[in-house]
Each structure stands twice: as C-alpha cells, then as structure tokens.
There are 2 protein chains.
Amino acid sequence: MRDAAFCTSACSMTRAMGVLGSKWKLIIIVHLTQQRRFGQLAQRIPLISRKVLTEQLKELEEDGIVRREAFAELPPRVEYSLTPHGQALLPILEQLSAWHCATPAVTAAESAPG
Amino acid sequence: MRDAAFCTSACSMTRAMGVLGSKWKLIIIVHLTQQRRFGQLAQRIPLISRKVLTEQLKELEEDGIVRREAFAELPPRVEYSLTPHGQALLPILEQLSAWHCATPAVTAAESAPG
DNA sequence: CAAACTGGTTACCTGTTCGTAACTAACGCT
DNA sequence: AGCGTTAGTTACGAACAGGTAACCAGTTTG
C-alpha cells in the first residue's frame, strides 16, 4: 500500500511508512539480495502470491528502490535489483532482523499483565 | 496486525514483519519518545484514531515492546513507555527516517521507466 | 496440436483493517 | 442533575489488502 496522506505528513516516520508500510515490501527488499528473477522471488519468499509480488515490485520500482531489467528473450526473463537508494536500506533491515532475533522469550501470560 | 503465519516463518524479516508489520506500530514507537499519555499520543500522531491507537498499544504491550502504567486516579491516567526491547528499536527507526529523508526527488515519469 | 516455459494481468471473492460515533465508568464541579 | 474529564469498548459500515484461478503472449519441443 502506498498511502498518499502518510506520504505528506510532517512526521518523517509517517512518511517512511507511507512508502514502505506494506507488509511485504521490506521482505521483498531483503530477498533481492539473493534472488533476482521474478520466478525465484515468488518461490523463495514465504507465503507470497505472484499477484502481490508483481504489485509490490511495481510500487518499489516507481519509488526508486528497485530496478527492473527485461531481457529481449522468450520466454520472458526479467531481473530485479536494488537501486543505490534501496541498497541503503539493507543495513537497517539487517538490524531489524537482528533486533527481532533478540526478542526475549515471553509466555502469553507474562506478556500481557494488563 | 499480528500475523501468526509470518511469526513462524523461517525468514527472520518475515517474522519481524509479523510483529511490526502494521502501518501504525513503528510510528507509535517513535512518538513514545516524546509523549506518554494516551491522549497526547492520540493528538500528536497524525491521522490515527483512538480505536486503532488502543488496539496497537495493546499488541505492542503483549509483545513486550511497550509498557503500560495505570495510575489509581480519576479521571484515569495511563502512561505508556518503551521497554528495553522497544528502546532497542529506536536507533533503527531513526535510521529509517533518515533514509527516507535522503530519498532522491523523482518525477513520476522517471521513476517508472518500465 | 498440445504442453511447457516466463512474467504479468484480471475478475472475483474473502478477510482484515480502519474510522466513526456512541457508549462506559467514577469523580468533581456547577 | 448535567457536564467535563480520561482511557477504553463496541457495533457497524467502508475501504483496503490479499489470494485464487484463469487468462495472455510467443517461442520451442514432442
């Protein structure tokens, strides 16, 4: 989802979420470090459908995060890669993954004392 | 949204998105560095409704990211703050905001050559 | 002729998210 | 008695996100 109202907010985190705030985009960006072909991405990203992958890649391309290269072949071969702007996200996403791996184990009982 | 299927994925970014992948959560976390009262948060976070704020704070509390403290007062006073686990997100979110501020200006025409 | 390949599109449907507006509780004040 | 305060709840409807399945194109192969 690209949220126009978010994108024009005075709050920079809100603007960032306006562009990246789909549940799939950060996942796709991370996977682009390992696969480039559309079909490979569709196979390797857990739980995603081709329809959503296509849509999200299109938005990422429009936002200058991803680059699309179509080769003049049949059957069609298209490869996606990160632009420098997209590459700049990678260290941040690695920290986010690491943050989540450091999540303390909590039981349901103690995580919601309220 | 908390997505159970995402939370059990083998991919760590997918698991992280299973917990944080709502469009509001990172925004709320950032705002908790400046406001603690529920009403202040509702006023200062752009575009959010009290219903969504309540729901998202509850999930953040359940996931050990946010701490809720209710004072024995009337009318009720409740303050929210980040747990150490939530605090650990802040440098990452600052980088995300900075990344977005560094977004190159693109016209619609040049951002979607495909 | 049919099948396979790839990347993408589309119609339809379901599930989720969200916003609105009204409501709740108990106290203090007028 | 009614109003204001705060934080939270709830019902309802709207909007959005997403999945499924079928379709498309052109070449190659059997």
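Below, chains carry the letters A, B, ... as their sequence lines are ordered, and counting in each starts from 1.
A side-chain donor-acceptor contact under 3.5 Å links B:Q56 and B:S22. A donor-acceptor contact closer than 3.5 angstrom links the side chains of B:T103 and A:H85.
In this model, the phosphate group of C:dG8 is approached by a side-chain N or O of A:R68 to a distance below 4.0 Å at OP1 or OP2. Taking 4.0 angstrom as the limit, A:K58 places a side-chain polar atom (N or O) nearer than this to OP1 or OP2 of C:dT9.
When heavy atoms are screened at a 4.0 angstrom cut-off, B:Y80 is found touching the sugar-phosphate backbone but no base atom.
In this structure, B:L90 is a member of the same hydrophobic cluster as B:Y80, with clusters built from ILVMFWY side-chain heavy atoms closer than 4.5 Å.
The pair A:E62-A:K58 fails the salt-bridge criterion, with no side-chain N (NZ, NE, NH1 or NH2) lying under 4.0 Å from an Asp/Glu carboxylate O.
Side-chain contact between B:L82 and B:R67 is absent, with no heavy-atom pair separated by less than 4.5 Å.
The interatomic distance linking B:E73 (CD) with D:dT6 (C1') rounds to 10 Å, in whole Å. Atoms CG (B:L53) and P (D:dT9) sit 11 Å apart, rounded to a whole Å. For the pair A:D3 CG and D:dA15 P, the computed distance is 15 Å after rounding to whole Å. When rounded to the nearest whole Å, the span between CZ of B:F6 and P of C:dT17 equals 11 Å.
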Problem - Derivation of the side chain to side chain contact (heavy atoms under 4.5 Å, CB included) call for B:T14 and A:V30 - result: CA-CA 10 Å; B:T14 303; A:V30 162; over 6 Å; no
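Classification of the B:F6-A:W24 ring pair by plane angle, with boundaries at 30° and 60°, yields perpendicular.
Within a 6.0 Å radius of CZ in A:R2, other residues, nucleotides and ligands contribute more than 12 heavy atoms.
Contacts of residues 26-46 of chain B with DNA chain C (heavy atom under 4.0 Å): none.
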Practice task
Give the B/S/- string for nucleotides 16-27 of chain D, one per nucleotide from 5' to 3', where a protein heavy atom under 4.0 Å of the base yields B, of only the sugar-phosphate yields S, and otherwise -.
Solution key: -SBBB-----BS
